[in-house]
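If you read the sequence from its start, that first residue is 1, and numbering goes on from there. As the structure is a prediction and not an experimental result, all values here were calculated from the model.
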Amino acid sequence: MKKLISILVVLLLSFFVCSCTNQKAGILFNKSPITEKNIYDYSNTFYTGKRIYYIILMPKKVETRYLYIQIVKKDNDYGRLGYKLIQTRDIRLKDEEINYFTDYFVINEKGYYFMKVYSKDNPQKVFAAAEFYVDSI
């Protein structure tokens with residue numbers, strides 16, 4: 001009886017500990033154009049009027065080739081619960097960009113921002129999200 005209980009406990013623990021992990025998409029920001037050499041030099045604090053480079057890393061191929069990007073500012077000066085939509089963008093992924101997308105944007109107001117990426121095949125679910133800060137020089 002003890003053997004049976006110990007075997008069941010081991011199987012149950014191995015199920016919880018060794019279960020498969022689902023890789024998620026991510027966003028990295030950088031102050032200079034992103035290459036293979038500086039991809040790990042990411043930052044989340046930037047200056048107004050300067051380029052903010054980003055890369056969206058996708059661990060698996062996206063079903064559709066279209067992404068939707070939102071940049072939102074969180075601030076208490078605005079009426080709608082403190083959120084202001086700064087920028088939106090629709091992106092079509094090219095053949096060589098199946099697992100990543102890189103580009104840049106410029107923000108001229110200081111504050112706390114976050115970027116959300118949606119896939120066009122499931123626009124209600126956030127595909128990737130990241131936050132960053134913009135400060136004046």
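Using modelled atom types, one side-chain atom of Asn38 and one backbone atom of Thr35 make a donor-acceptor pair closer than 3.5 Å. For Asn99 (side chain) and Leu57 (main-chain N/O), no donor-acceptor pair under 3.5 Å exists by modelled atom type. Looking at Lys73, its side chain does come within 3.5 Å of a backbone N or O of Lys110 through a donor-acceptor pair. Counting only distance, with no hydrogens or angles, the side chain of Asp135 and the backbone of Gly111 share no donor-acceptor pair below 3.5 Å.
Within a 6.0 Å sphere centred on CZ of Phe105, other residues, nucleotides and ligands contribute more than 12 heavy atoms. When the shell of 6.0 Å around OH of Tyr118 is examined, it contains more than 12 heavy atoms from other residues, nucleotides or ligands.
Annotation for Ala128 and Gly26: closest pair CB-N, 4.2 Å, computed over non-hydrogen atoms. The shortest heavy-atom contact between Asp41 and Asn30 is O-OD1, 3.4 Å. A pairwise comparison of heavy atoms in Ile91 and Tyr54 identifies CD1-OH, 4.3 Å as the closest pair. The two residues Val134 and Thr48 come nearest to each other via the heavy atoms CG1-CG2, 3.6 Å. Counting all heavy atoms, side chain and backbone alike, Lys31 lies closest to Thr45 at CE-O, 3.1 Å. In terms of heavy-atom proximity, Ala130 sits nearest to Phe29 at CB-CE1, 3.6 Å.
Transitive grouping of hydrophobic side chains (ILVMFWY, heavy atoms separated by less than 4.5 Å) brings Leu28 and Tyr53 into a common cluster.
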**Asked** When you look at Phe132 and Tyr113, which way does the ring-ring contact (aromatic ring centres under 6.0 Å, His included) test go after all the steps?
**Response** CA-CA 5 Å; Phe132 60 96; Tyr113 295 86; 5.6 Å; yes
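A salt bridge does not link Glu131 with Lys116: none of the charged nitrogens is closer than 4.0 Å to a carboxylate oxygen. At a threshold of 4.0 Å, the pair Asp90-Lys120 counts as salt-bridged, since one of the basic side-chain nitrogens sits closer than that to a carboxylate oxygen.
For Lys74 and Tyr112, the positive end is not near the middle of the six-membered ring at less than 6.0 Å and at most 45° from its axis.
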